[in-house]
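Here is how names work: the chains are called A, B, and so on, in the same order as the sequence lines, proteins then strands, and each is numbered from 1. No experiment lies behind these values; they were computed from the predicted model shown.
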Number of protein chains: 2
Amino acid sequence: MFDYEKIPFHWVNRLGFLVRKELTSAFRATEYAISAEEWAILLVLWRKGPQSHSALADVTIKDRTTVTRLIDGMVRKEMVNRAEDSTDRRRSVVALTEYGHSLQGALVPIAQGLITRASAGISPEDLAVTQRTLQKMTENILEAQPRNTKDIGK
Amino acid sequence: MFDYEKIPFHWVNRLGFLVRKELTSAFRATEYAISAEEWAILLVLWRKGPQSHSALADVTIKDRTTVTRLIDGMVRKEMVNRAEDSTDRRRSVVALTEYGHSLQGALVPIAQGLITRASAGISPEDLAVTQRTLQKMTENILEAQPRNTKDIGK
DNA sequence: AAACATAGGTGTACTATACAACTATTGCTA
DNA sequence: TAGCAATAGTTGTATAGTACACCTATGTTT
């Protein structure tokens, strides 16, 4: 049998699960009960501005219906709102509300704290290699993979 | 705002999600519909033999009740069974059935295929650094962390 | 023996996930 | 340009995973 613990996969799973859990419970300890999935959406919106559902589904690698439900919840909690795209009336554009923007100040330091804690005793070079490797692995898997929209080669 | 994409966390989440999804769908394409969580439990049992619920909760970083439900399902599907621990009658020991053992031959090659696919174009050194780094990060977070049992300092 | 700790299970509730099927648009092409 | 195909998003429905609060049974400590 192969030595699973010597392979990044095992740790990707383990650490991924752990991070999600830690983030969620750290957020819940504040007055903002943000889930890890909501956090992922917020990150995109903070960095890239308003996005369509399809775009969000793509970057989060989730089904469009999952995104719909997720955004439903975030609208209910008034973190984001939906507007119509003026150029394409099928499309609705998800944008941050004032409250959604303000969450950044509260949440980012928490995430940074966790990152700092996790990175203790690890050299910047190793962190960089790890980041690159994980990114490459992600791309390898996503390559030639079905997406949510079919305009892959666009 | 910090550059999240330059940090391993982002990719741990993304890749972790992707791997779980890929594994699940690859398994579902066979005659064995094994979930990623069941896979994680099976891995432990294959490698380390019979385990108590608490031990499984510890390595999978899940709540004991979650493990109970997970094992319930696996017992129903006859992958594992529960036996009493002769030395401690509170404890029940989860062990593989014949069927559970046999899954190894079917499932491991699938996982290895995914690993090979993901690792394309990455040097063994980088893979090793990544594995070490992720392991260290996991340990950093788990350190001084509440566990399922309270015998932490044991 | 009493108090405490641990192993595990139940009740309950909620989140995330996604397949199938649907409507409303837009784009393409014959 | 008329009609068909593709796209964006939603709803119905079903399922898995998660965990809190609380419970019982057993073992440990003082």
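- Residues satisfying the ring pair (Phe, Tyr, Trp, His ring centres under 6.0 Å) test with Phe9(A), not counting sequence neighbours, are none.
- Spacing between atom CG of Asp72(A) and atom C1' of dC14(C) amounts to 16 Å, rounded to whole angstrom units.
- Nucleic acid contact class of Thr68(A) (heavy atoms, under 4.0 Å, all strands): base.
- Between Trp46(B) and Trp39(B), the ring planes lie perpendicular to each other; the angle is over 60°, past the 30° to 60° tilted range.
- Note: CD (Gln51(B)) to P (dA7(C)) measures 13 Å, nearest angstrom.
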Please walk me through it: do Arg20(A) and Glu37(A) pass side chain to side chain contact (heavy atoms under 4.5 Å, CB included)?
CA-CA 9 Å; Arg20(A) 223 168 311 125; Glu37(A) 282 70 23; 3.9 Å; yes
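- Listed by chain and residue number, Val44(B), Leu45(B), Lys48(B), Ala55(B), Leu56(B) satisfy the side-chain contact (heavy atoms from CB on, under 4.5 Å) test with Gln51(B) (two or more places apart in sequence, or in another chain).
- Within the structure, every side-chain polar atom (N or O) of His53(B) is placed at least 4.0 Å from both OP1 and OP2 of dT6(C).
- Val93(B) belongs to no hydrophobic cluster with other residues, because no ILVMFWY side-chain heavy atom falls under 4.5 Å from its own, directly or through intermediates.
- Put simply, the side chain of Leu127(A) reaches to within 4.5 Å of the side chain of Ser119(A), judged on heavy atoms.
- Leu70(B) has its CG atom 13 Å from the C1' atom of dA19(D), to the nearest Å.
- Atom CG of Asp58(B) and atom C1' of dA7(C) are 13 Å apart (whole Å).
- Atom CD1 of Ile34(A) is separated from atom C1' of dA16(C) by 16 Å (rounded to the nearest Å).
- For the pair Ile71(A) CD1 and dT11(D) P, the interatomic distance rounds to 14 Å; values are reported in whole Å.
- Heavy-atom distances to DNA chain D give each of Arg20(A) and Ser52(A) a nearest nucleotide, and the one nearer the 5′ end belongs to Ser52(A).
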Dump every N/O contact between nucleotides 18-22 of chain C and the protein below 3.5 Å, one line per pair.
| residue | atom | partner | partner atom | Å |
| --- | --- | --- | --- | --- |
| dA18(C) | OP1 | Lys21(B) | NZ | 3.2 |
| dA18(C) | OP2 | Asp63(A) | N | 3.2 |
| dA18(C) | N7 | Thr65(A) | OG1 | 3.2 |
| dA18(C) | N6 | Arg69(A) | NH1 | 2.7 |
| dC19(C) | N4 | Thr65(A) | OG1 | 3.3 |

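- Within the structure, salt bridge (charged side-chain N to carboxylate O under 4.0 Å, His left out) pairs that include any residue of residues 90-107 of chain B comprise Asp88(B)-Arg90(B), Asp88(B)-Arg91(B) (at least two apart or interchain).
- Considering only residues two or more places apart in sequence or on other chains, Arg132(A) meets the salt bridge (charged side-chain N to carboxylate O under 4.0 Å, His left out) condition with Asp126(B).
- Ser54(B) has a side-chain polar atom (N or O) that falls below the 4.0 Å cut-off from OP1 or OP2 of dA7(C).
- Every residue two or more places apart in sequence or in another chain was checked for a ring pair (Phe, Tyr, Trp, His ring centres under 6.0 Å) with His53(B), and none qualifies.
- Screening residues 65-80 of chain A for side-chain hydrogen bond (donor to acceptor under 3.5 Å, both in side chains) gives Glu38(A)-Lys77(A), Asp63(A)-Thr65(A), Asp72(A)-Arg82(A) as the qualifying pairs, with residues at least two apart or on separate chains.
- In the hydrophobic clustering (ILVMFWY side chains linked at under 4.5 Å, chained through shared members), Val129(A) is joined by Val129(B).
- Scanning residues 84-92 of chain B for heavy-atom distances under 4.0 Å to DNA chain C yields Arg90(B), Arg91(B), Ser92(B).
- Spacing between atom NZ of Lys77(A) and atom P of dC14(C) amounts to 12 Å, rounded to whole angstrom units.
- Listed by chain and number, the residues in a ring pair (Phe, Tyr, Trp, His ring centres under 6.0 Å) with Phe17(B) amount to none (sequence neighbours excluded).
- Between the CD atom of Glu37(A) and the P atom of dG17(D) there is a distance of 15 Å, rounded to whole Å.
- Overall bending of the helix from dA1(C)-dT30(D) to dA30(C)-dT1(D), expressed as the angle between end axes built from five pairs apiece, is 30° (10° steps).
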